[in-house]
Each structure stands twice: as C-alpha cells, then as structure tokens.
Amino acid sequence: MPALRDTFMLPNGQSIPKLGLGTWQIPDGRPAYDAVTMALAAGYRHIDTARAYGNEASVGRAIRDSGLRREDIFVTTKLPAEIKTPAGAEDSFARTLAALGLEHVDLYLIHAPWPWSQMGTDHTAGNQAVWKCLERFHAEGRARAIGVSNFSERDLNAILDIARVPPHANQIKFFVGSTPMALIGFCREKNILVEGYSPLGTGTLVANATIAAMAQRYGRSAAQLCIRYSLQHGLVTLPKSTHRDRIAANADVDFEISGPDMAVLDGLTNTRARRA
Ligand code: A2P
C-alpha cells in the first residue's frame, strides 16, 4: 500500500515512513509481539514504542523475528517522562536498547517535558540536561535521530536555547477536534518534524456521527478518514491496533479528502464520541 511506503524527511536527512504502528497500551508479551508481527507482515515499516509502555522487549523480539533487514524498519522509542537527570537517562537508554535487543534506535524522544504526575510543571533544567545526553546518544550512533514528545512552544524553546543538535521531531497528540495548529506552525518554522499520536482519539472518533457520515461518502471507514486527515495535515501518523484486519485497513488510506471536507473536519470540536 503506497501510504506505507511514503516517507517524510527528518531534518538530519533520514527518511521516516509517514505511517507507523503506535503501541501505547498494548501489553507486553503476546499482544505486543503479535501486533508488531502483523503490522510488519502488512507492510508497516515504522513502529513506535516507549519504555513507559512496558512492551519494548516484545516489540524488539517481533522486529528481530520478522526476517526483515534492520535498516528497513524505523524504530522509535522514548525516555520516560519522569527521568530528568543525565545518569538516569544513560541508564534508561541502555536498558531500552537491551530490552529491544537492538544496537540503535532510529528516533529517541523525551516522552514528555514533565513527569506525568506533575503535568504542566517546569523542568527546564532537567530537560536541558537530558537533551545533552540525547545529543551524545545521537553522536554515538545509538540514536539516529533525537526529539521530544508533548513539548509546547515554551518547552521547545528551552531546548533550542542550548541545543547543538536541535530536536528532529516533536510527537504530539493530534486528531480531528484536537489540532494544535499554532504549535505545529512553530515546529515547522524551526524545522522540527511533527508526529501525531492517537489519530483516532484513542478510538473514540469512530463513534462520531459527522465523521462516520463523511467517511461513508468516500466509501471509507471513520478510522481511515481520521488517519487520512492527519496525513493530509502533513503529520507522521501512528494509529494503534491489535487486530489484523484493522492494522491492514488503517494503512489503506490512499485517497484524498477534499479541501471543503478538510475544512469541515478542522472546524469540528468536542469530537470525542459525539453522536450528532
Ligand atoms: P484495537 O487495538 O482493539 O483495534 P489511537 O490510535 O487513536 O490511539 O486509537 C487506538 C484505539 O482505536 C484502540 O482502542 C484500537 O482498538 C482502536 N482502533 C484501531 N483501529 C481501529 C479501526 N480501524 N476501527 C475501530 N477501532 C480501531
């Protein structure tokens, strides 16, 4: 499927498949192993995980067992949001590579600017210190590209102030009804590639009547419309599923949403499970 072969270019010149499998909330063991195995068999070449998901070992095993060449699979993982010290980052990255069973990752992200239990608090010094570690992992070739996730403009500026290597990517939540366009514009101005997670609003958008009705006009599912919407906004898009048929269908998105329909979707707010 062409959508699986399309790539964006990271600022370091590395190509990154536009569509990847998200693995948040897929338990370690059989579920994560099977989901990644099914995705690779369906033609996905981009897998997104995180140490905080607790499934790196199974994700890595599925990648290694796939028979595909390592250089043909783009693997992203993340430094836990709670770790804001150089020693902690060193230790965590070593554990991540050991769990994955890989010598390098293609993209390594700071998972969030604040520990999840302290959302919105300022950890500028910690993020700056940790960024210097990511720059070292990058220089060593253990992380081909480096970036951040859930970073606001203010959080990004704190990194840009001290960076020798500016972040290559910012992975943020992006779905119909949750579209931080100002932040996306800022990232693009700074040459930071934007990745969107939860393109289905963690599954709730498929129950939205407006989205479902529009999808039907295109002969597509609501999930496919939502994934296409994120791709058409120019974001790396990371739908998650554990079902073979959905994993395949979520990548079958080679159609075009019209300008007027994109505008309708842009105007939708409060989309979570809205039924009118
Ligand atoms: P499942 O893993 O059982 O398929 P998001 O990518 O926005 O985080 O959404 C993920 C959620 O959406 C999961 O609960 C997943 O469930 C569900 N999902 C994924 N693909 C589809 C699809 N094609 N149709 C309906 N639900 C889907």
Side-chain angles (χ1 to χ4, degrees), residues 1 3-4 16-50 52-55 58-59 62 74 76-78 81 109 111-112 116 149-150 169-180 184 194-233 235-255 257 265 268-275:
M1 276 178 265
L4 289 170
I16 175 169
K18 291 184 177 182
L19 197 62
L21 180 77
T23 63
W24 180 37
Q25 293 178 331
I26 305 185
D28 200 30
R30 206 59 210 249
Y33 183 85
D34 287 350
V36 173
T37 300
M38 289 187 284
L40 294 174
Y44 285 64
R45 292 295 179 269
H46 177 175
I47 308 293
D48 184 277
T49 184
Y53 302 167
N55 58 21
S58 305
V59 167
F74 192 101
T76 299
T77 192
K78 311 180 191 87
L109 307 175
H111 205 145
W116 295 108
S149 181
N150 299 298
N170 186 17
Q171 185 180 122
I172 59 173
K173 184 167 69 179
F174 184 88
F175 54 81
V176 180
S178 176
T179 54
I184 291 169
V194 185
E195 302 190 299
Y197 66 81
S198 295
L200 311 179
T202 59
T204 57
L205 293 186
V206 299
N208 181 283
T210 307
I211 293 171
M214 188 185 290
Q216 206 173 11
R217 278 200 279 112
Y218 286 88
R220 300 287 175 161
S221 69
Q224 288 169 322
L225 187 80
C226 291
I227 292 163
R228 182 70 215 172
Y229 173 77
S230 172
L231 289 169
Q232 264 182 238
H233 267 299
L235 273 73
V236 169
T237 301
L238 302 164
K240 169 252 168 187
S241 180
T242 48
H243 294 94
R244 191 188 305 274
D245 55 342
R246 289 177 174 176
I247 288 171
N250 290 350
D252 184 11
V253 288
D254 297 308
F255 66 104
I257 304 172
L265 295 173
L268 289 183
T269 51
N270 193 20
T271 44
R272 281 176 174 259
R274 185 168 150 258
R275 287 176 189 281

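Since the model is a prediction, treat every value here as computed from it, not as a measurement. We count ligands from 1, going down the list as the structure has it; atoms in each ligand are counted the same way.
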Enquirer: Within a radius of less than 6.0 Å around CZ of Arg217, do more than 12 heavy atoms belonging to other residues, nucleotides or ligands occur?
Expert: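 Correct, the count exceeds 12.
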Enquirer: For ligand 1, note which part of Ile26 has a heavy atom under 4.0 Å away: side chain, backbone, both or neither.
Expert: neither
Enquirer: May I ask which of Leu205, Val206, Asn250, Ile247 has a heavy atom nearer to atom 23 (N) of ligand 1 than the others do?
Expert: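 Result: the heavy atom closest to atom 23 (N) of ligand 1 is in Asn250.
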Enquirer: Does any non-hydrogen side-chain atom of Tyr229 lie less than 4.5 Å from one of Val253?
Expert: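 When only atoms from C-beta onward are counted, Tyr229 and Val253 do not touch, as no gap falls below 4.5 Å.
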Enquirer: How far is atom 18 (N) of ligand 1 from the closest protein heavy atom, and which atom is that?
Expert: Leu200 CD1, 3.7 Å
Enquirer: Any chance you could lay out the ring pair (Phe, Tyr, Trp, His ring centres under 6.0 Å) test for His111 and Tyr53, step after step, and finish with the verdict?
Expert: CA-CA 11 Å; His111 205 145; Tyr53 302 167; 5.7 Å; yes
Enquirer: May I have the step-by-step check of salt bridge (charged side-chain N to carboxylate O under 4.0 Å, His left out) for Lys78 and Asp48, ending in yes or no?
Expert: CA-CA 9 Å; Lys78 311 180 191 87; Asp48 184 277; 2.5 Å; yes
Enquirer: Go through ligand 1 atom by atom and flag the ones less than 4.0 Å from a non-hydrogen atom of Pro239.
Expert: 6 (O)
Enquirer: For the pair Arg220 and Asp252, find out whether any cationic side-chain nitrogen is under 4.0 Å from an anionic carboxylate oxygen.
Expert: yes
Enquirer: Quick one: does Gly203 get an N or O within less than 3.5 Å of an N or O on ligand 1?
Expert: yes
Enquirer: Contact between ligand 1 and Gly201 is defined here as a heavy atom of the residue under 4.0 Å from a ligand atom; is it met?
Expert: yes
Enquirer: I want to know if ligand 1 touches Trp24 in the polar sense, i.e. an N/O pair below 3.5 angstrom.
Expert: no
Enquirer: Test side-chain hydrogen bond (donor to acceptor under 3.5 Å, both in side chains) on Ser149 and Asn170; report intermediate values, then the result.
Expert: CA-CA 5 Å; Ser149 181; Asn170 186 17; 5.4 Å; no
Enquirer: Can you tell me how far the NZ atom of Lys173 sits from the OG1 atom of Thr179, to the nearest 0.5 Å?
Expert: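 Reported value, rounded in 0.5 Å steps: 11.5 Å.
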Enquirer: So which heavy atom in the protein is nearest atom 19 (C) of ligand 1, and how far is it from that ligand atom?
Expert: Lys240 O, 3.1 Å
Enquirer: Which atoms of ligand 1 have any heavy atom of His243 under 4.0 Å away?
Expert: 1 (P), 3 (O), 4 (O)
Enquirer: Answer side chain, backbone, both or neither: which part of Ser241 comes under 4.0 Å from ligand 1, heavy atoms only.
Expert: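 Under 4.0 Å from ligand 1, Ser241 contributes backbone and side-chain atoms.
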Enquirer: To the nearest 0.5 Å, how far apart are CD1 in Ile247 and OG1 in Thr242?
Expert: 7.0 Å
Enquirer: Starting from atom 21 (C) of ligand 1, which protein heavy atom do you reach first, and at what distance in Å?
Expert: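 Answer for atom 21 (C) of ligand 1: Arg246 CD, 3.5 Å.
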Enquirer: For atom 8 (O) of ligand 1, which protein heavy atom lies nearest, and how many Å away is it?
Expert: Thr202 CA, 3.4 Å
Enquirer: Which of the atoms in ligand 1, numbered in the order shown and given with their element, are less than 4.0 Å from a heavy-atom of Pro199?
Expert: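 Contacts of ligand 1 toward Pro199, numbered from 1: 6 (O), 7 (O).
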Enquirer: Hey, mind stepping through Asn250 and Tyr44 against side-chain hydrogen bond (donor to acceptor under 3.5 Å, both in side chains) and telling me if it holds?
Expert: CA-CA 10 Å; Asn250 290 350; Tyr44 285 64; 5.0 Å; no
